[in-house]
Structures are given as C-alpha cells and as structure tokens.
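Everything below concerns the one structure shown next.
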There are 2 protein chains.
Amino acid sequence: MRAFAEPRDTDLKRTCMRDHIRDALVTRILDGHYPAGAQLKELVLAGEFNVSQAPIREALRELEGSGLVTSERYRGTRVRGADLEEMRQSYELRATIEARAVELAIPCSPAVIAQLQDCLDAMQEALARNEVERYIDHALRLHRGLIEASGNRVFVTVWDSLHFDVRGRLVLRRMAERSSYAPLLQMHVELLERIRAGDAANAADILRRLFRSVAEVFRPD
Amino acid sequence: MRAFAEPRDTDLKRTCMRDHIRDALVTRILDGHYPAGAQLKELVLAGEFNVSQAPIREALRELEGSGLVTSERYRGTRVRGADLEEMRQSYELRATIEARAVELAIPCSPAVIAQLQDCLDAMQEALARNEVERYIDHALRLHRGLIEASGNRVFVTVWDSLHFDVRGRLVLRRMAERSSYAPLLQMHVELLERIRAGDAANAADILRRLFRSVAEVFRPD
DNA sequence: CGGCAAATGATTATCGATAATATAGAATAG
DNA sequence: CTATTCTATATTATCGATAATCATTTGCCG
C-alpha cells in the first residue's frame, strides 16, 4: 500500500521522498528551527512527513555524511551545527576554499569570464530593482561558477555538501536587514576585474576580504 | 529474526552493520576495488554483507553525503571518485584546508605543541624501526591534531568526511614503495619548529610544499 | 527488414512489522 | 536513605515484502 493515495499537498513526486525530506531538514537546521543538540526522532519525523521510517533514516544518513548531524548507535541523531559559531566556522572554510579556487581558476577562459560577467550583470540589475531574492540567486550562481571554474570537482562536491546555497541565502537575507548590498557588489566587480587581468593573488585576496565583511553578520546582535 | 545467528566472521557487533558496511565501501572505493563509475547494486551488496537492503542504502546515503558516490532516482548509486585525478584534487583540498588550519592554530598552546611533538617523536621512532604502518598511524594523528588545533570544528568534520584517514593510509603506503619517508619527516620537523616559533606564514607554506611533494604519488606510473 | 508497442526483467523506493538496545523509574536490599 | 537490580517504555536497527520505475527484449505490423 502506498503512503500517498490521497493527492499530494504541495510538491509533485518529481524527486523521491528522501530528497524532499533532506532538503527540508537542511533548511530547518540551518535557519535555527532545530537548535544545536536537538534530537531528531525518526518516528516523529516520519509522522510529520507522512512516510515510514526508512526514507527519514536515509535523509539523516546523508546529512550525517555532510556533517550537519551526528548519530550514536541506539542513541539517535542530533543536530550538530547551525548556531552562529558554526556558521562563522563554515564561512571560514568557504572563504578558504573559494580563495584557492579562484587561484586555480586563473587564467580563465573567455567563456567562463562571460558567464561570471552575466551573473554580475544580473546581480547589478536585481539590486537596482531592489529584488533581494533575485540578487541572492545570481550571487550564489556566481560563486558556484567560480568553484566550478577551478576545475576541481572535489571543491564543488564539498561546497555543495555543506549546503552553501541554503547557508548563503540565509546569510544574505540577514545582511539585507542590516546594510546595503552595494559595497558587496562593488567587491564582486573588482573581483571580476582581477580575474580578467589574470591577477590570481589579488583576486583571492578580494574574496578573503569579501567573506570577512560577510562574517560581520555572525556577530551576535 | 536476526541476520547473524551463526557466529560472526571477523568483527564483533561493536557497532551497527551500516557502519561496517560504510567503512568497507569507503576502503573499496578509495583503493580502486570499485572503479569510478561502477554501479553499486543494493541487493548484490546486501547478499555480500548478509544483510537486508536497508543498512546498505543507509551506508550509501552517508557516502553520498560525503561525496564519494552519486545516486540518481531509480537509476542507482555509482562510484564517483577515486581515480588518480580525484585523489589529486582531494589532496589539493586537503593542502588548502591544512594550510589555513595551521594559520588559525598559531599561536599554539603548550599542551597542543606537546601533543604534536609526541606524534612526531613516534613517527621518528617508527621510521627508525622501519615500521611503516606505525609511521602512518602517527602521521595521521599529527595532521588531524593540526586540524583540531585550528579550533574550527567544520574543518574537522570535512577532513573526516572526506576520509583522509583512509586516503592518507593508501597514499603513504604507495609512497613507501617509491621513496623514503625521511624527507617527509624532515618537513614535519621544520613544520613543528615554525609552529613553535609562532611563524604562521612559513608553517602554512611548509604544509603546502609538503603536500606538493606527496602529490608526486598521483602521477601515473 | 525496420520501427513501434507491449511485455518482461532488473533495480530502486517505500512500507509495515519485529528485534535489539538504551533510559528512566520502581522495587528491593543493605 | 542510598545504592542496586529489575522492569517498563521509548527509540533505533534491521528485516522481508511490495510498489514504482527504468531498461531490454520480444512480437507485431507496415
């Protein structure tokens, strides 16, 4: 017997349950809905998502692999990160990886530069129209593009598995409440200039400074 | 009914099946037993390990989280990495992370320095006695200690989830067949000197050079 | 012969139930 | 009154079976 004989609530069954569950859990962990240390009880979650234990467990194992939760045998799975300190530390890693990625990416093919420029233009336009979510989309696209341009697939995998897409979205939303994106955008402009010029050292340095200014968000209010 | 009524072959049931399975799969992937792209069929593995599908799937999901395999809905799970190029790229990441970790770790508390020195002494002793496996144990202990000393728990998580313990073991064994550990050990000695002196920039640089020399192993024979 | 369609086989995704283990509270002995 | 063992109860780990989907082959018709 299928679990969902009745019509589905929101999303179609485009992907399997465990993917939906994983994404939902990632968001809940990173936005603080589940505080650090909270136990994720399988049957409770199974009830919430209207599925059996199995897909829940698989989603949890995937999160375990990417380090967002830990589990102890017969003691359950607990949330690991997502307080401000963990966010700060994960951004330290992100800065480290992206700075190295841009060094590896330079010199950059015209095609890649065009793609990055496209992201930057879209960011600029979104900012002009004050469309925050669109700005975030394209900013994330730019940064992921940078990682891809390094040619190092392991970098990409790690960037993805730490869910910097979700993290970045949360961080940038938080920034929007405090200050303007304008200085941030300006740094991206300079970054692209340095990339174009083949100036790896300064490009990497701009990225480090960029993330240092983003890190301000992680100060307690 | 339990799957293992008969006495177990090797290891006691100290940990749950999915952990054994995960570790076994990690080793098989990294040592090349499963070539890149190989499909990991759940029921076949279930047969091999004498368990049902569930723990296999969970192990696979954990590996998916740490990026060693990818899976496509209803199409199965395939090995992602572990050719020479993937090893090289993962070591590029390792070098990047460890170099930054040592910068963050400096200045270092006397307790941590003592611990690192202890690893180094053990490495030296093992090398003198030509005990390769012992040397590897302590070298890995030193490097993980370095990551921990950075105080960044995300670094530790990523280092663990990429299974640098298993990778390092394989790489160092391979090195042993080609050249002596002596120059490598010497670099570690210098590294610790720089750490003691609080010289972050040079310590990080030694680490980068160290991994560059390790990377020689990844050249095709 | 060649292309389409249905049937077949292989594999994954999920289910519901059961076994194993830990935790907490009650009962008991000292 | 405290420490200890025992007994529920909650939770995880695993099982065996079924449903859903994909891949391949077969059979039919032009």
Side-chain angles (χ1 to χ4, degrees), chain A residues 1-25 29 34-35 37-65 68-80, chain B residues 1-25 29 34-35 37-65 68-80:
Chain A
M1 182 178 52
R2 287 288 283 102
F4 288 97
E6 71 272 19
R8 300 290 279 287
D9 32 352
T10 50
D11 40 39
L12 271 317
K13 57 180 81 169
R14 317 223 305 255
T15 78
C16 51
M17 269 333 266
R18 78 158 201 270
D19 287 343
H20 290 299
I21 294 165
R22 167 178 44 79
D23 292 343
L25 291 181
I29 290 172
Y34 294 141
Q39 183 178 14
L40 301 179
K41 297 184 188 176
E42 299 170 358
L43 290 179
V44 173
L45 291 172
E48 276 187 57
F49 287 100
N50 257 287
V51 296
S52 77
Q53 216 184 341
I56 300 286
R57 284 175 65 86
E58 291 187 38
L60 290 176
R61 293 297 82 76
E62 201 170 337
L63 264 41
E64 192 177 357
L68 250 50
V69 303
T70 18
S71 75
E72 251 180 308
R73 159 191 157 90
Y74 286 114
R75 291 211 180 175
T77 304
R78 313 192 93 91
V79 176
R80 196 168 217 266
Chain B
M1 181 177 54
R2 287 288 283 99
F4 288 97
E6 70 271 21
R8 300 288 279 285
D9 32 353
T10 51
D11 40 39
L12 271 317
K13 59 179 81 170
R14 315 222 309 255
T15 77
C16 49
M17 271 328 272
R18 77 155 201 270
D19 287 342
H20 290 299
I21 294 164
R22 167 177 46 77
D23 292 344
L25 291 181
I29 291 173
Y34 294 140
Q39 182 178 13
L40 301 179
K41 296 184 189 176
E42 299 171 359
L43 291 178
V44 173
L45 291 171
E48 275 186 58
F49 287 102
N50 257 288
V51 296
S52 76
Q53 215 183 341
I56 300 285
R57 284 176 65 86
E58 292 187 37
L60 290 176
R61 293 297 82 76
E62 201 171 338
L63 264 42
E64 191 177 357
L68 248 52
V69 304
T70 17
S71 75
E72 251 180 309
R73 161 191 157 89
Y74 285 114
R75 295 220 177 163
T77 305
R78 314 193 92 91
V79 176
R80 196 171 220 266

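Scope of the values below: all heavy atoms of this structure, side chains included, with no hydrogens, waters or symmetry mates. So you know, we letter chains A, B, ... as the sequences are listed, proteins then strands, and number each from 1.
- Across all non-hydrogen atoms, the minimal contact from B/Gly76 to B/Gln39 is CA-NE2, 4.0 Å.
- Rounded to an integer number of Å, the gap from A/Ile56 CD1 to D/dT14 P is 18 Å.
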Identify the pairs formed between an N or O of the protein and an N or O of nucleotides 11-13 of chain C at a distance under 3.5 Å, and give each distance.
| residue | atom | partner | partner atom | Å |
| --- | --- | --- | --- | --- |
| C/dT11 | OP1 | B/Lys41 | NZ | 2.5 |
| C/dT12 | OP2 | B/Glu42 | N | 3.2 |
| C/dT12 | O3' | B/Tyr74 | N | 3.3 |
| C/dA13 | OP1 | B/Tyr74 | N | 3.2 |
| C/dA13 | OP2 | B/Arg57 | NH1 | 2.7 |
| C/dA13 | OP2 | B/Arg57 | NH2 | 3.2 |
| C/dA13 | N7 | B/Gln53 | NE2 | 3.4 |
| C/dA13 | N6 | B/Gln53 | OE1 | 3.1 |

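- Contact detail for B/Ile21 and B/Ala59: the closest heavy-atom pair is CG2-CB, 3.6 Å.
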Check nucleotides 7-9 of chain C against the protein and report each pair of N or O atoms closer than 3.5 Å, with its distance, or say if there are none.
none

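- Here the shortest heavy-atom pairing between B/Ser71 and B/Thr77 reads CB-OG1, 3.4 Å.
- For the atom pair SG (A/Cys16) and CD (B/Glu72), the distance works out to 11.0 Å, reported to the nearest 0.5 Å.
- Looking at A/Arg78, its side chain does come within 3.5 Å of a backbone N or O of A/Gly37 through a donor-acceptor pair.
- Closest approach of B/Leu60 and B/Glu42 over heavy atoms only: CD1-CG, 4.1 Å.
- Using a cutoff of 4.0 Å between basic side-chain nitrogens and carboxylate oxygens, A/Arg61 and A/Glu58 are not scored as salt-bridged.
- B/Arg22 and B/Leu63 make their closest contact through CG-CD1, 3.6 Å (heavy atoms, listed as atom of the first residue, atom of the second, distance).
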